[in-house]
Amino acid sequence: MSIDPELPEEAAGRVAAGLEEMGRLPDERAFEELSAQVRQLTVDQRLLRRLLDAVVVISADMDPRAVLQDIVEAAADLVAARYGALGVLGDNGDVVDLITVGVDDERLRASSGLPQGHGLLRGLIADRKPLRVDEIAADPRSVGSLPTTR
C-alpha cells in the first residue's frame, strides 16, 4: 500500500464524488463521518510510516547501545515526548547504563552519576512498565532535576 500525500478532505471529496456517480448521494452527516474516518486514517498512516522508519533505523545498527539509543529516540518521537530514557539493570537491580533522549547525559552523570532507584525511577524498576509523566519536575515522585538538551 503506497502512501498518498492527498489531503483528507480531498480524499473524502473523491469518495463522495464516486458515490454520486454510482447513484448514492451521501448526506451531510455521512460526508462528515467519512471525512473524519479519512482524517484518522491519514494520522494512523503517518504514525505507521514513522514506526516503519524507526524499525529501519534500529535494524541498521548491530551495536547494542546504538540500537537501544535508536529505540529510545523512536519511542520519544512516536509519543511526542520531550524526554525519553531506558535504564539497563545489572544482576543486582542497579542501573548500569542509562540511555536518554532530551537529557544531557554527560551533565547528568557528572552531577549525580547514574540514577539508582529513587523517585520516578524507583517506580519504573518496581513496576517494569512504561511511564508517561506530563511534567517531570511537578510529579511528587520526582527527585532532582534533569539537565536538558531539547
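Positions are given from 1 along the sequence. Basis for what follows: all heavy atoms, side chains included, without hydrogens, waters or symmetry-related copies.
In this structure, CG in Leu68 is found 8.0 Å from CZ in Arg65, a value given to the nearest 0.5 Å. Rounded to the nearest 0.5 Å, atoms CG (Asp70) and CD1 (Ile99) are 11.0 Å apart. Note that CG of Leu47 and CG of Leu52 are 12.5 Å apart. Values are rounded to the nearest 0.5 Å.
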Walk me through it: do Thr100 and Gln69 pass the test side-chain contact (heavy atoms from CB on, under 4.5 Å)?
CA-CA 7 Å; Thr100 63; Gln69 182 70 46; 5.9 Å; no
When you look at Gln40 and Asp44, which way does the side-chain contact (heavy atoms from CB on, under 4.5 Å) test go after all the steps?
CA-CA 6 Å; Gln40 185 59 50; Asp44 292 347; 2.7 Å; yes
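In the hydrophobic clustering of ILVMFWY residues, with side-chain heavy atoms under 4.5 Å counting as a link, Val67 and Val96 come out together. Criterion: ILVMFWY side-chain heavy atoms under 4.5 Å apart, direct or through other members. Under it, Val79 and Ile71 are not part of a common hydrophobic cluster. Leu41 and Val43 sit in two unconnected hydrophobic clusters of ILVMFWY residues. Membership requires side-chain heavy atoms under 4.5 Å apart, directly or through other members.
In this structure, Arg82 contributes its side chain and Ala76 its backbone to no donor-acceptor pair below 3.5 Å. At least one donor-acceptor pair under 3.5 Å links the side chain of Asn92 to the backbone N or O of Asp94.
Here the shortest heavy-atom pairing between Leu98 and Ala85 reads CD1-CB, 4.3 Å.
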